[in-house]
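One structure is given below, encoded as structure tokens.
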Number of protein chains: 2
Amino acid sequence: MPAASKKVSAAPRGSRRPRAAAPEEDGLARFDLQTGSLGYALRLAQVRMYTLFFDMLGDLGLTPARVTALSLIATDPDMNQTKLARSLDIAGPSALKMVDALEAAGLVCRLDVAGDRRRYLLALTATGRTTMEQLRLRMAEYEERIAADLSAAERAQLVGLLNRVAQRG
Amino acid sequence: MPAASKKVSAAPRGSRRPRAAAPEEDGLARFDLQTGSLGYALRLAQVRMYTLFFDMLGDLGLTPARVTALSLIATDPDMNQTKLARSLDIAGPSALKMVDALEAAGLVCRLDVAGDRRRYLLALTATGRTTMEQLRLRMAEYEERIAADLSAAERAQLVGLLNRVAQRG
DNA sequence: TATTGTTATACTCTATAACTATA
DNA sequence: TATAGTTATAGAGTATAACAATA
């Protein structure tokens, strides 16, 4: 009978802030700096968003990937590891480690499934639910901080333009 | 006398495409999907940009970080490893491996510095210069593809709004 | 046979600490 | 003493391959 592996550190790099991702880093800066290009502007805005996202996470001890895993588990009452791997687009063993880490942090638990002993359901613990509630509140503030310098109309306009950029052309 | 370490693979994951970075992945999707939020729109646009960036790199065998290193070396005639580490905001040993990889790929060479035998200059090889020229051409196309569905006015507007988002508030 | 989870292994990127050679 | 580069080591994240238990 499979037992969850336990050898995963409980406090990941979520606590240590992951080096503010300089805009030069992803190959956009040196080419685009002079042109006021869309690519560079998008990159800079994304760097800012990333910084604010980590400020938002603060002392919760979560990484972005774990935030996503947590919210996927919170949302889907039928979540298991294979499904999580598919949702996150990661390999099975990676999902396993992710769940191990969330379990070690006391946020998630594995529940037996009646009638199928191969798998188990993933669910939030009480601590996990509290953390999710914290996250929901902070995400709302975070969204406001991103758009802090824009009027409602400008913000709507920006979202509209970004959606058109995001569409597969 | 220090000799450059040579044990670095020449063809990195630049060839293997790095898994298209699903928008769910960085903790933005599950919270924001319903709101049409700026955070989510920004994230989606960035995912699209990332995809196009890798399409652009194509068969050049480069990663985004190596593109940046290459362009930094191309731009600064006085580049060395410590300076490169500072520019990329990475640790010294990481910069070393980066340079080793670029050297193994035949794009960059280490040149002796008259009067200071501790360091050497980093410079592009002939192959490196050819690659950079290719990159410049492709970057121009890339920029156009990002904004393909926008008019000139819309694009300028979008850049303006993004710059305001990117500003530290 | 197929599915779920697991183990073993390896590779990349990153970091810190301690070292060498040189200034 | 300080600087440039290097080595050794470690940790997080990713992957593939092979496996056990169960369906």
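Quick note on labels: first sequence line is chain A, next is B, and so on, each numbered from 1.
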Exercise for review: Taking only the side-chain nitrogens and oxygens of A/Thr82, find out if one of them lies under 4.0 Å from OP1 or OP2 of C/dT3.
Suggested key: no

Exercise for review: Ignoring backbone atoms, establish whether A/Ser94 has a side-chain N or O less than 4.0 Å from OP1 or OP2 of D/dA15.
Suggested key: yes

Study note, to complete from the structure: When rounded to whole Å, the CZ to P distance for the pair B/Arg119 and D/dA2 reads 19 Å

Study note, to complete from the structure: In this structure, CG of B/Leu88 is separated from OG of B/Ser94 (nearest 0.5 Å) by 10.0 Å

Review point. Is any NZ, NE, NH1 or NH2 atom of the basic residue among A/Glu143 and A/Arg138 found under 4.0 Å from an Asp or Glu carboxylate oxygen of the other?
Key: no

**Study point:** Bending between helix ends of the helix from C/dT1-D/dA23 to C/dA23-D/dT1 [5 pairs per end, 10° resolution]
**Key:** 20°

Check your understanding: Below 3.5 Å, does any donor atom in the side chain of A/Arg118 face an acceptor in the base of C/dT3, or the other way round?
Key -> yes

Practice item. Enter the distance from B/Met132:CE to B/Leu137:CG here, rounded to the nearest 0.5 Å. Key: 10.5 Å

Point to revise | d(CG, B/Asp89; P, C/dA15) in whole Å | key: 7 Å

Check your understanding: Is the phosphate of C/dT3, meaning OP1 or OP2, less than 4.0 Å from a side-chain N or O of A/Tyr120?
Key -> no

Check your understanding: Between A/Pro93 and B/Pro93, who's closer to the 5' end of DNA chain C by nearest nucleotide?
Key -> A/Pro93

**Study point:** Rounded distance (nearest 0.5 Å) linking atom CG of B/Leu57 with atom CE of B/Met139
**Key:** 8.5 Å

Revision key, fill the gap. All heavy atoms of B/Tyr120 vs all of B/Leu111, minimum pair found to be CB-O, 2.7 Å

Exercise for review: Determine, for B/Asp100 against B/Lys97, whether the closest basic-nitrogen to carboxylate-oxygen distance falls under 4.0 angstrom.
Suggested key: no

**Study point:** Between D/dA15 (P) and A/Met98 (CE): distance, integer Å
**Key:** 11 Å

Point to revise | Gap separating the CE atom of B/Met98 from the CG atom of B/Leu72, nearest 0.5 angstrom | key: 9.5 Å

Practice item. May I ask you to evaluate whether B/Gln81 reaches the phosphate of D/dT6, defined as a side-chain N or O under 4.0 Å from OP1 or OP2? Key: yes

Exercise for review: Verify the contact: side-chain N or O of B/Arg66 to OP1 or OP2 of C/dT12, cut-off strictly under 4.0 Å; return yes or no.
Suggested key: no

Exercise for review: Go through the N and O atoms of the side chain of B/Lys97 and the base of C/dT14, and report whether any donor-acceptor pair is under 3.5 Å.
Suggested key: yes

**Study point:** Residue whose closest nucleotide on DNA chain C lies nearer the 5' end, A/Gly92 versus B/Ala91
**Key:** A/Gly92

